[in-house]
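Have a look at the structure below before the remarks.
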Protein chains: 2
Amino acid sequence: MLKLSKLTDYAVVALVRLGQKSEVTTSPVLSRSTGIPEPTVAKVLKILATQGIVTSQRGARGGYRLAQPLEEISIAAVIQAIDGPISLTTCVDGGDCDARSTCGLGGQWDMVNAAIRHALSAITLADMKNHTVTDRLGGLHVPPMPDGPEATA
Amino acid sequence: MLKLSKLTDYAVVALVRLGQKSEVTTSPVLSRSTGIPEPTVAKVLKILATQGIVTSQRGARGGYRLAQPLEEISIAAVIQAIDGPISLTTCVDGGDCDARSTCGLGGQWDMVNAAIRHALSAITLADMKNHTVTDRLGGLHVPPMPDGPEATA
DNA sequence: CCATAATTGGACCAGAACAGTACTGTTTCC
DNA sequence: GGAAACAGTACTGTTCTGGTCCAATTATGG
Ligand code: FES
Ligand code: FES
């Protein structure tokens with residue numbers, strides 16, 4: 001369905017909320033603050049910690065803190081941290097594609113990937129918080145849901 | 001992993017190849033021509049037929065043909081035909097998100113979705129075939145794989 | 001210095017979604 | 001009437017996500 005995992009969605013919410021706190025914050029506190037179930041937010045923070053998005057402090061009085069300001073964290077970075085690399089197709093480098101030899105599309109998918117990454121890298125968590133996303137996108141206007149070509153067939 | 005399904009990948013390959021044929025083409029022929037396993041390409045074509053991307057001719061001497069020229073078919077249309085609607089987040093309209101009330105991000109995700117759809121709608125199958133993708137994207141240049149912020153942390 | 005409590009870290013398990021396959025039915029040409 | 005090809009459905013195996021549980025670590029208090 002070309003949707004990112006719910007974990008990523010939660011990660012963005014948690015990070016934005018975390019950016020509003022000035023001190024280290026624990027998972028339970030963040031859970032209460034965001035409304036995300038505690039085990040889930042804990043897992044998300046854990047992953048984000050391994051990816052360096054947030055820094056962690058173990059033990060009592062521990063918690064998490066943003067490793068960078070909200071303005072420096074792009075949506076793409078969060079997605080990559082949770083969902084892994086942004087590669088729309090499986091046949092970018094590995095080569096586990098059956099049609100490799102006869103496909104003829106070569107590395108054209110890379111361009112598509114780049115387009116996606118570009119769009120995602122241009123949006124930071126600060127934009128999400130401040131609702132200033134439109135500024136970065138240059139006022140693109142696409143129909144809310146361009147339905148498939150069945151309308152024309 | 002924010003990747004589209006392998007079926008979609010196959011669909012693009014099959015459609016581009018189909019666009020190079022002038023007459024109706026059968027699944028076995030298309031399978032041989034693309035290197036995609038026959039049952040899989042048959043399934044893909046079937047789905048594409050229901051979505052109106054290709055027209056089908058039943059019976060002997062039957063086969064598939066493009067419903068529109070390659071230039072008119074966008075990557076987004078193919079993705080929507082196979083994978084369903086392009087909605088990155090689950091909390092766009094349905095509202096099955098736990099953090100709905102406290103999330104505070106409102107409809108900011110819609111902007112991200114629009115950005116993705118825009119990027120995908122700007123690329124047609126003809127662009128994939130002719131390697132003219134860069135023309136549409138306005139010369140965006142992003143690093144091949146912008147690794148996460150762990151580099152700076 | 002030791003015991004305790006709080007919190008993160010990592011591993012584990014269940015469920016759902018997906019890819020792939022197979023089969024049966026319908027339509028068309030020869 | 002027979003053969004060829006699409007249409008639709010159903011099934012199965014696999015992968016991945018989402019969620020849960022237990023172990024390692026550190027600060028605190030006595
Ligand atoms: S290599 Fe996989 S589709 Fe071209
Ligand atoms: S409503 Fe789902 S994260 Fe905001």
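So that the names make sense, note that chain A is the first sequence line, chain B the second, and so on, each numbered from 1.
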Inset, instruction - Please check the phosphate of D:dA5 (OP1 and OP2 only) for any side-chain N or O of B:S56 closer than 4.0 Å. - result: no
Legend entry - Interatomic distance where CG belongs to A:L7 and C1' belongs to D:dT20 [whole Å]: 13 Å
Inset, instruction - Would you kindly give the CZ-to-P distance between B:R58 and C:dC29, to the nearest whole Å? - result: 12 Å
Inset, instruction - Check the distance between C:dT8's C1' and A:L48's CG and give it to me in whole angstrom. - result: 14 Å
Inset, instruction - Applying side-chain contact (heavy atoms from CB on, under 4.5 Å), run through A:S33 and A:K21 and close with a yes or a no. - result: CA-CA 11 Å; A:S33 176; A:K21 311 263 188 181; 4.3 Å; yes
Inset, instruction - Might you work through the side-chain contact (heavy atoms from CB on, under 4.5 Å) test for A:R17 and A:V13, ending with a clear yes or no? - result: CA-CA 6 Å; A:R17 190 55 53 100; A:V13 177; 5.6 Å; no
Inset, instruction - In whole angstrom, give the distance that lies between atom CZ of B:R32 and atom C1' of D:dA5. - result: 13 Å
Inset, instruction - Check whether any side-chain nitrogen or oxygen of B:Q57 sits under 4.0 Å from OP1 or OP2 of C:dT27, and answer yes or no. - result: no
Inset, instruction - Ignoring backbone atoms, establish whether A:R61 has a side-chain N or O less than 4.0 Å from OP1 or OP2 of C:dT7. - result: no
Legend entry - side-chain contact (heavy atoms from CB on, under 4.5 Å) evaluation trace for A:L70 with A:M128: CA-CA 10 Å; A:L70 242 43; A:M128 295 291 286; over 6 Å; no
Inset, instruction - Tell me which of B:G59 and B:K43 sits closer to the 5' end of DNA chain D, going by the nucleotide each one is nearest to. - result: B:G59
Legend entry - Any A:T26 side-chain nitrogen or oxygen under 4.0 Å from OP1 or OP2 of C:dA6: no
Inset, instruction - Look at the side-chain N and O atoms of B:S5 and state whether any lies under 4.0 Å from the OP1 or OP2 oxygen of C:dA19. - result: yes
Inset, instruction - Hey, could you give me the CD1/OG1 distance between B:I75 and B:T8, rounded to the nearest 0.5 Å? - result: 10.0 Å
Inset, instruction - Find the distance B:I82:CD1 to C:dG20:C1' and express it as a whole number of Å. - result: 14 Å
Inset, instruction - Look at the side chain of A:Y64 and decide which nucleotide, out of D:dC6, C:dG9, C:dT28, has an atom nearest to it. - result: C:dG9
Inset, instruction - Please state how far atom NZ in B:K6 lies from atom P in C:dT21, giving the value in whole angstrom units. - result: 10 Å
Inset, instruction - Describe the nucleic acid contact of A:L45 in one word from base, sugar-phosphate, nothing, applying a heavy-atom distance below 4.0 Å. - result: nothing
Inset, instruction - Would you mind reading off the distance between A:K46 atom NZ and C:dT7 atom P, rounded to a whole angstrom? - result: 14 Å
Inset, instruction - Whole angstrom is fine here: how far is it from CD1 in A:I47 over to P in D:dT17? - result: 10 Å
Inset, instruction - Please round to the nearest 0.5 Å and tell me the distance separating atom CD1 of B:I79 and atom CD1 of B:I86. - result: 5.0 Å
